Structure formats: structure tokens, C-alpha cells
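Only one structure is covered here, and it is reproduced in the block below.
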Amino acid sequence: MLKMFFSDVKFNRCITSQLIKWFSNFREFYYIQMEKFARQAINDGVTGTEELTVSRDCELYRALNMHYNKANDFEVPERFLEVAQITLREFFNAIVAGKDVDPSWKKAIYKVICKLDSDIPEIFKSPNCLQELLHE
DNA sequence: AGGCCTCCTG
DNA sequence: CAGGAGGCCT
């Protein structure tokens, strides 16, 4: 029964597009939070990027975790914190520099951050990805 | 043309 | 989160 489903071309295509959609939505949420917290920091009088840090007990982290990992199903990798912090600082600097007057000011940040993306885990590249994931 | 992505909405 | 429109790339 399951095999029948997973070998269905339409079904697989549907799944991938949905996954893409999810990642897209996640990304959006991520960047919205980043901008929000960066602006908040500025309003709170933060002057330097050194004061901006992302740890497991900061508000920004909580907001993200609440959204992506509400039930704490997995442990958030350290790398995520690093990238999150870099992103936050990137936003902070851009806003402080007044770059946000440019309608597409976020593009530059996106370009920087996407290079920090981790590689896609091998399991997702497998054609049997769905089966393998289900067996975990 | 088809796939993937972003942006805006609901 | 899902849908839809529009842009970019192959």
C-alpha cells in the first residue's frame, strides 16, 4: 500500500513542492524575525554588533524554536545559532547604515546568508528519501 | 516550457 | 501554513 503511494509520480511531485513551500515559509519567518529583533535592538539603544548575540536562551531563539521546533523534536545544531547571529548582525548593520531605504536592501543580506546554508543531508537526495525517512 | 523561488494574501 | 502570481534560470 505505502509502496504504491510513494511510487506515484504525482504524489512525489506534490510532496516536493510542498516541502519547497515549507522551506520557503520557514525562510520568510526567519528573516522577518531577524529584522524585527534587529530593529528592536536598535530601539533598545544597542550601539555595536558585539552586543548582539544569539544563544539558546535569548528571545530571538525562542521565537524561532517555537515556530520550527515547537515540541523540541530535535536538537538545534550549534551551526544554526552561529548563522542566526550572523544574520541578526547583518540586519543590524544594514539598518544602522540606513540601507533599508532601498526597497531591495534585504537581497544583499540574503545573498550573504544563503552561502552559509548547510549542505542538504544525503538522505534527502536519495530517490528513496521518503522510505528512508519513514524508517527512522 | 518547466522547475524553483519570492512576494503577497488568506 | 497553503495558494496564487510573477520573476529568473535552464
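No experiment lies behind these values; they were computed from the predicted model shown. Reminder, nothing fancy here: chain letters follow the sequence lines and each chain counts from 1.
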Partner residues of [X] under the side-chain hydrogen bond (donor to acceptor under 3.5 Å, both in side chains) criterion, sequence neighbours left out:
{"X": "A:E78", "value": "A:R56"}
{"X": "A:N65", "value": "A:N69, A:N72"}
{"X": "A:Y30", "value": "A:T87"}

In chain order, what residues pass the ring pair (Phe, Tyr, Trp, His ring centres under 6.0 Å) check against A:F80, with sequence neighbours excluded?
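Checked A:F80 against ring pair (Phe, Tyr, Trp, His ring centres under 6.0 Å); zero matches.
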Ring pair (Phe, Tyr, Trp, His ring centres under 6.0 Å) filter on A:F91, not counting sequence neighbours, yields A:W105
Separation of B:dC8 atom C1' from A:N25 atom CG, nearest Å, is 11 Å
Classify the nucleic acid contact of [X] as base, sugar-phosphate or nothing, counting any heavy atom under 4.0 Å across all strands shown.
{"X": "A:F26", "value": "sugar-phosphate"}
{"X": "A:Q18", "value": "sugar-phosphate"}
{"X": "A:K106", "value": "nothing"}

Report task. Please check if the side chain of A:R89 supplies one atom and the backbone of A:A84 the other of a donor-acceptor pair under 3.5 Å. Result -> no
Counting primed atoms, P, OP1 and OP2 as sugar-phosphate and everything else as base, the B/S/- map of nucleotides 5-10 of chain C against protein heavy atoms under 4.0 Å is ------
**Report entry** Any A:R27 side-chain nitrogen or oxygen under 4.0 Å from OP1 or OP2 of B:dT6
**Finding:** yes
